[in-house]
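Here the structure comes first, spelled out in structure tokens, and everything after it is commentary.
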Amino acid sequence: MNKRTIFTLLFTYSILHSTFAQEKAAKTIGLREVHVEGKRYKHSAEGAMSVDVLTSDSIQKYQAGSLMQTLSRLPGVNAIGIGASQSKPQIRGLGFNRVATVENGIKHEGQQWGLDHGLEIDQYSIGTAEIIKGAGSFMYGSDAIGGVIRLSPPAELQENGLKGVVNLLTKSNNATYGGSLQLQGRKSNWVFGGGVTHLDYADYRVPTDTVYVYNYAVRLKDRQVRNTAGRETNFQLRGGYNSGQFSSIFYLSNYHTRIGFFANAHGLEPRGVNTALYDQSDRDILYPSQQVNHFKLINRNYITQGRHKIWVDLGYQRNYRQEFNHYTAHGYMPPVYPQDMNIPIHLERRYDKEIVNIALKDQFNLGTHQLTLGGNAEYQHNKIAGWSFLIPSYKQQAVGAFIHDQYPIDDQTILYAALRYDYSHIHTSPYQDWFASTLEDRQSAYIVRADELRRSFNSLVWSLGATRQIGPWETKLNVGKSFRVPIAQELAANGVNYHYFSYEKGNASLSPEQSYQVDFALARRSRNISIAFTPFFNYFANYIYLNPTSGYDQYYGAGNQIFEYAESKVRRYGAELKMEYRPLTHWKVELLGEYVRSEQLSGSKKGYTLPFSPAPSLLADLSWFPKSSTYFKAPYLSLDCKWTAKQDHIVPPEEKTAGYQVFNFRAGTELTWGKSALLLRLQVQNMFDNKYMDHTSFYRLISLPEQGRNIVLSIGIPFGKDSPAQQN
């Protein structure tokens, strides 16, 4: 570690150690930032499934570059990351369109299929994050075949008043600076809130001077990954009426980010990069880059009518994504960009996706049964533009309905059952090249890259589960069938993926994925120890994957290898372990472990695993919570180490990944004087600047290690005061 890191650790230790010296009486201080699922969920549809919960306080405590990188501390949850600030969710080794992210009751829709497409959600705006492991198709339909990440805003104030917090943030690795303002208020039965976040960061650093992009040595100036700087600006507004019998709240948000791609790893010819130009500044954003804007408007309604509890959620989203790059002629493209083109010369690709959602749910009791009837409908329209082609424009409609029954046999045992039917239709538009290519018979033609396609899909899925309390032990068992509809990328792709150096071809005859799963959970919580063990088994009758072939494209790019979407039978199994032990009043030991193994049982890759399969890992955390004093409230110090095993179960052309260990340090307290307070949080991530590869990282494909040591300092400034509730 450098001198600055050592000084920071010693300074923080000395401050918090002074509070520990004042301790005279034993008092338990609980920071249950990772909740083991338990009785809280016995009266919900997910009662028989494995559920983890993170509050906003713990999200800020473990904050990483993106929301998913923050949540990836939980066992069974990983981030498919690209750089230091973009990532997408993965649960138990399943990601992309196999994990549904639900925010304020509406399923978040972006361009989930892309490796380099992140999750467009501001982690400062999250009040609670619930991770449902295992298939949630019976509740949310397609895309929930691997799990659900359910995000909720902060709880509304119960009394009249206005309060909020200003968070200021800085990170050493990529010179991040920024902040967030979040507030909420209440006046009688009217509630309101919102926030704004802005982050600005430079190129991030890795613990190496040279990386090899497909055997070509790329030198890094000051160990910085050139052209990975970015800026992010987000805002949210919410407001509406909220009473005990009725509520209607509107949520409006806009997420905007602009970020560069590693210049030496994107495009057809990474050797032609003008490194002198890119190295002039570590904060500029040159080509290639992306700009994403995600607008969302949601209306959530709840009403109690007699014995019925009814929810109606309405949503509109627009995901506007632009990818910029220098025009590079390949195949039969004109060597000079035509002046009469109506497409900007630097617009490589553009995706403009609009989504309309409606979700209905009615919960009521019928005798001893608690029944839930529900349904949802969705419409998507994704338009494309740019001088490069990968997937066509498309329209997609989906509708589904379900029934869920919760039946208590006695005070200790509850049974669950669910049945759901879905129908969806996708219509992809034809696409023809804007330039002529020379065919094998020397004839010139404008090649049709995508034909018009119309496909309809339907599926019937089910779920059966049970929970039983046996003394201090809680057991859960859930079995079911789930599904996922193939997306436009899998059905109709036909082009070069410049971020992956591959030529991808869709398969119009793909069927919906069918999955069968068994989830089990054994949990116990006592005065000073809690433990949860959650094994699972999963079988796919037709898992859809991108299969590398021996062919190479003839017309586009520099002879890129052809990858085709195919289906195979897949077997998956694994488990997570969570254990928390408090040997002394102010000490806590935490163990978080995960293991997942996949094997293809058919197809050309029979015997191999699945791409981006996470390696087994174990995280050990030692935390100390000194007694609060006059000026220091709820202080904490923690040191954790994550051991990750080597990943030698791969599928070609993947490379094996070596095992590694990463140490992280955290400290924080609430500094108070009078009626004022500051929330101080410090992190030192990757303390010893270890060089390692994360097998679920996008840049692992070119052997680019994860970011090096990173000191994160955040200061929270709470403000406002609740006033006594006024009479209506």
Side-chain angles (χ1 to χ4, degrees), residues 41 44-51 91-102 105-107 109 112 131-150 357-363 369-378 396-407 415-426 455-467 476-487 490 510-520 536-544 567-573:
Y41 290 96
S44 69
E46 297 84 19
M49 303 181 70
S50 177
V51 182
I91 297 179
R92 290 177 170 175
L94 297 178
F96 303 96
N97 278 67
R98 295 181 178 89
V99 173
T101 301
V102 179
I106 295 296
K107 187 165 64 174
E109 284 288 350
Q112 297 99 313
I131 294 87
I132 303 169
K133 301 172 186 175
S137 294
F138 74 90
M139 183 68 71
Y140 296 103
S142 183
D143 294 0
I145 196 169
V148 178
I149 298 174
R150 189 163 56 198
N357 307 79
I358 180 172
L360 309 172
K361 189 168 64 173
D362 181 11
Q363 184 181 96
H369 293 265
Q370 180 179 288
L371 295 176
T372 303
L373 302 177
N376 65 281
E378 178 182 275
Q396 185 170 338
Q397 303 91 34
V399 61
F402 71 90
I403 180 172
H404 181 272
D405 183 19
Q406 178 177 303
Y407 176 65
L415 301 181
Y416 303 85
L419 189 67
R420 180 185 178 98
Y421 176 78
D422 281 270
Y423 172 84
S424 67
H425 177 80
I426 186 170
R455 290 287 307 275
S456 296
F457 308 95
N458 62 81
S459 184
L460 185 69
V461 299
W462 52 269
S463 177
L464 297 172
T467 62
K476 296 182 177 184
L477 178 66
N478 191 81
V479 298
K481 175 190 176 184
S482 53
F483 83 108
R484 185 183 69 86
V485 172
I487 58 177
E490 297 162 331
L510 293 175
S511 301
E513 283 183 343
Q514 304 288 336
S515 171
Y516 300 87
Q517 66 281 335
V518 179
D519 294 280
F520 179 74
F536 67 92
F537 177 83
N538 183 207
Y539 172 76
F540 278 88
N542 58 328
Y543 184 91
I544 300 173
E567 297 174 304
S568 69
K569 296 180 174 62
V570 172
R571 177 178 60 211
R572 304 174 62 255
Y573 55 89

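- Stacking of Arg484 on the aromatic ring of Phe540 is not recorded, the 6.0 Å distance cut-off and the 45° axial limit not both being met.
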*asked:* One pair to check against side-chain contact (heavy atoms from CB on, under 4.5 Å): Tyr543 and Asn538. What are the steps and the verdict?
replied: CA-CA 11 Å; Tyr543 184 91; Asn538 183 207; over 6 Å; no
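- Between Val99 and Gln112, every side-chain heavy-atom pair lies at or beyond the 4.5 Å cut-off.
- A distance of 13.0 Å separates OG of Ser463 from NZ of Lys481, quoted to the nearest 0.5 Å.
- Residues Ala466 and Ala48 come closest through the heavy atom pair N-CB, 3.8 Å.
- Remark: the backbone N or O of Gln514 is paired with a side-chain donor or acceptor of Asn542 at under 3.5 angstrom.
- The nearest pair of heavy atoms linking Gly141 to Phe483 is C-CE2, 4.0 Å.
- No donor-acceptor contact under 3.5 angstrom links the side chains of Asp519 and Ser50, judged on distance only.
- To the nearest 0.5 Å, atom OG1 of residue Thr372 and atom NE2 of residue His404 are 6.5 Å apart.
- Looking at heavy atoms from C-beta onward, Phe96 lies out of side-chain contact with Glu490 at the 4.5 angstrom threshold.
- Atoms CG and CG, on Leu415 and Asp405 in that order, are 8.5 Å from each other to the nearest 0.5 Å.
- Taking all atoms of both residues into account, the shortest heavy-atom contact from Phe138 to Ala418 is CD1-CB, 3.5 Å.
- Relative orientation of the Tyr407 and His369 rings is parallel, given thresholds of 30° and 60° on the angle between their planes.
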*asked:* Working note: Arg98 + Ile544, criterion side-chain contact (heavy atoms from CB on, under 4.5 Å); need CA distance, chi angles, decisive distance, verdict.
replied: CA-CA 11 Å; Arg98 295 181 178 89; Ile544 300 173; 4.1 Å; yes
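- A donor-acceptor contact shorter than 3.5 Å is absent between the side chain of Lys476 and the backbone of Thr467.
- His425 places no side-chain N or O within donor-acceptor distance of the main-chain N or O of Gln396, the cut-off being under 3.5 Å.
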*Should Leu477 and Leu464 be marked as a side-chain contact (heavy atoms from CB on, under 4.5 Å) after you check the CA-CA gap, both sets of side-chain angles, and the distance that decides it?*
CA-CA 8 Å; Leu477 178 66; Leu464 297 172; over 6 Å; no
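- For the pair Val148 and Ile91, the tightest heavy-atom approach, listed with the atom from each and the gap, is N-CD1, 4.0 Å.
- Among Trp462, Phe537, Tyr516, Phe520, the single residue meeting the side chain to side chain contact (heavy atoms under 4.5 Å, CB included) criterion with Val479 is Trp462.
- Checked by atom type and distance alone, the side chain of Gln517 pairs as donor or acceptor with a backbone atom of Gly480 at under 3.5 Å.
- Of the inter-residue distances, the one linking Gln363 atom CD with Gln406 atom CD reads 7.5 Å to the nearest 0.5 angstrom.
- For the atom pair Met139 CE and Arg150 CZ, the distance stands at 7.5 Å (nearest 0.5 Å).
- Side chains of Ser456 and Tyr423: a donor-acceptor N/O pair is present below 3.5 angstrom, by distance only.
- With rounding to the nearest 0.5 angstrom, the CG atom of Leu510 is 10.5 Å from the CD1 atom of Ile487.
- In this structure the side chain of Asn357 never reaches within 4.5 angstrom of the side chain of Asn376, judged on heavy atoms.
- The closest donor-acceptor contact from the side chain of Ser142 to the backbone of Val485 lies under 3.5 Å.
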